[in-house]
There are 2 protein chains.
Amino acid sequence: MAETGANAAGGEGLLFLTDEQLRKGIEAMFFAYRGFTADPDRILEGMDYGRAHHRALHFVHRQPGLTVSTLLAVLGVTKQSLNRVLRTLIDDGLVESRIGRKDKRERHLYLTDKGGALERELSEAQRVRMRAAYRAAGPQAVAGFRQVLEAMMDPDLRRQYLMLRDRA
Amino acid sequence: MAETGANAAGGEGLLFLTDEQLRKGIEAMFFAYRGFTADPDRILEGMDYGRAHHRALHFVHRQPGLTVSTLLAVLGVTKQSLNRVLRTLIDDGLVESRIGRKDKRERHLYLTDKGGALERELSEAQRVRMRAAYRAAGPQAVAGFRQVLEAMMDPDLRRQYLMLRDRA
DNA sequence: TTGGAAAGTCAACAAGGCTGACATAAAATC
DNA sequence: GATTTTATGTCAGCCTTGTTGACTTTCCAA
């Protein structure tokens with residue numbers, strides 16, 4: 001294990017931020033994200049679905065009954081882009097779309113049993129990797145991991161994330 | 001700040017890995033990666049370049065003179081896909097492609113002054129965000145951040161990453 | 001000298017972004 | 001109550017960037 005730089009600077013609480021240190025973080029994000037998505041991608045290839053479907057399933061699972069516009073905001077894509085993905089999920093019977101009772105313009109989204117099954121398969125694959133990484137790095141590292149990631153988010157996205165994070 | 005779970009389990013060194021904890025990590029990765037790419041993307045939109053061009057510039061900068069096939073392996077895309085990107089960068093005078101002296105089949109890639117300038121602009125935007133996140137999270141967190149990310153990579157990618165990480 | 005690796009090209013296609021135009025429901029305004 | 005405005009969702013088409021497959025050229029090395 002090479003020196004981490006952050007600690008090498010010696011100052012507890014004082015961050016020695018060379019461009020080198022930052023660059024390592026940037027490259028770590030790049031390579032790690034590929035690993036992060038690799039397992040679900042592997043499962044989905046062959047099915048007619050992709051990463052976009054996975055994301056939709058994930059957040060519908062997380063927040064059953066959410067409206068399309070809420071999902072839109074969370075995913076940060078256009079409604080047209082989401083629609084294509086959602087369309088296939090609904091047509092294939094993975095997601096159910098119910099018209100709102102109060103406001104009939106809204107569509108509330110739910111996973112069907114079939115949709116729930118796929119979501120579980122995908123997220124379990126992702127959790128296996130995440131669990132292994134957490135175990136390898138240890139609890140202290142895990143806390144730091146999340147802190148840095150949260151600090152890296154755009155403010156709007158962080159709001160979204162925190163709302164979900166501390167729900168229920 | 002909500003409990004982190006890792007520590008909440010109490011066991012120093014014993015990780016209490018609920019699916020909840022893992023899910024938070026997964027969502028943090030998702031939202032953080034959007035922030036991570038947001039600034040360079042913003043700079044690139046309007047130019048005729050995209051994220052793929054940024055990645056190519058980054059690694060050519062990191063390892064001047066690398067061959068196309070090395071870049072291919074690092075980026076993890078097909079040569080046809082890379083070629084399109086590289087083509088425009090070369091044609092626009094951002095990247096120089098020199099035929100290998102020993103092995104004339106190889107093309108060694110270098111940034112031109114112009115290419116270096118764009119690379120600097122992009123990476124500086126990314127560093128600004130990373131620097132802010134590091135500062136906000138603190139040195140302990142930074143070390144943990146990198147540890148978890150490294151543990152999350154596919155073994156092949158981790159090799160690539162470590163070679164770059166500890167270079168020069 | 002011949003086999004195979006490296007590089008590049010062309011063509012076709014897929015996923016998943018995007019914008020623009022439009023339909024409909026609900027809400028707001030006249 | 002009728003009409004305009006806004007919110008929401010859909011359809012059509014384009015762009016980037018990934019993919020495969022087929023093929024050529026160059027040139028190292030057995």
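Below, chain A is the first sequence line, B the second, and so on; all start at residue 1.
For D/dG9, the base has no donor-acceptor partner in the side chain of A/Glu106 [N/O atoms by modelled type, under 3.5 angstrom]. Between the base of D/dG18 and the side chain of B/Arg84 there is a donor-acceptor pair shorter than 3.5 Å. Side-chain to base pairing of A/Arg87 with D/dG9: no donor and acceptor N or O lie closer than 3.5 Å to each other. A donor and an acceptor atom never sit less than 3.5 Å apart when one is taken from the side chain of A/Gln80 and the other from the base of C/dG16. In this model, a side-chain donor or acceptor of B/Arg105 finds a partner on the base of C/dA5 within 3.5 Å.
Taking atom CZ of residue B/Arg51 and atom C1' of nucleotide D/dT16, one finds them 11 Å apart after rounding to whole Å. Atom CG in B/Leu71 sits roughly 15 Å away from atom P in C/dA6 (whole-Å rounding). At whole-Å resolution of the value, CD in B/Glu45 and P in C/dG17 are 16 Å apart. Put simply, CG on B/Leu86 is 12 Å from P on D/dG18, counting in whole angstrom units. Distance B/Leu72 CG to D/dT20 P: 12 Å, rounded to the nearest Å. The interatomic distance linking A/Leu89 (CG) with D/dG9 (C1') rounds to 16 Å, in whole Å. Distance A/His54 NE2 to C/dG17 P: 14 Å, rounded to the nearest Å. B/Asp41 has its CG atom 15 Å from the C1' atom of D/dC15, to the nearest Å.
Distances shown here put every side-chain N or O of A/Ser81 at or beyond 4.0 Å from the OP1 or OP2 atom of C/dG16. Listed pair A/Arg55 / C/dG17 meets the phosphate criterion, a side-chain N or O lying under 4.0 Å from OP1 or OP2. One finds no side-chain N or O of A/Asn83 lying less than 4.0 angstrom from the OP1 or OP2 phosphate oxygen of D/dG9. Contact annotation: B/Ser69 side-chain N/O to C/dA7 OP1/OP2 distance is under 4.0 Å. Side-chain N/O atoms of B/His53 include one lying less than 4.0 angstrom from OP1 or OP2 on D/dT17.
Residue contacts shown for A/Lys79 include a base, since a base heavy atom lies under 4.0 Å away. No engagement by A/Thr67 is indicated, since no non-hydrogen atom pair under 4.0 Å with the nucleic acid exists.
To the nearest 0.5 Å, the span separating CG on B/Leu72 from CG on B/Asn83 amounts to 9.5 Å.
Among D/dT19, C/dG8, C/dG16, the nucleotide with an atom closest to any side-chain atom of B/Arg107 is C/dG8. With distances taken from any side-chain atom of B/Ala52 to the nucleotides D/dT17, D/dT19, C/dA7, the minimum falls on D/dT17. Taking every side-chain heavy atom of B/Asp103 into account, D/dC28 is the closest of D/dG9, D/dC28, D/dT19.
Exactly one of B/Tyr33, B/Tyr161, B/Phe30 qualifies for a ring-ring contact (aromatic ring centres under 6.0 Å, His included) with A/Tyr33. That residue is B/Tyr33.
B/Glu96 has no carboxylate O lying under 4.0 Å from a charged side-chain N of B/Lys114, or vice versa, which leaves the two without a salt bridge. Between A/Asp154 and A/Arg159 there is no salt bridge, since none of the side-chain N atoms of the basic residue sits less than 4.0 Å from a carboxylate O of the acidic one.
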Residue pair A/Phe59, A/Leu164: steps toward the side chain to side chain contact (heavy atoms under 4.5 Å, CB included) verdict | CA-CA 10 Å; A/Phe59 286 107; A/Leu164 276 180; 3.5 Å; yes

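B/Leu82 and B/Ile90 fall within the same hydrophobic cluster, where Ile, Leu, Val, Met, Phe, Trp and Tyr residues are linked whenever their side-chain heavy atoms come under 4.5 Å apart, directly or through other members.
Residue-to-nucleotide proximity on DNA chain C shows that, of A/Val85 and A/Gly100, the 5′-proximal contact is made by A/Val85.
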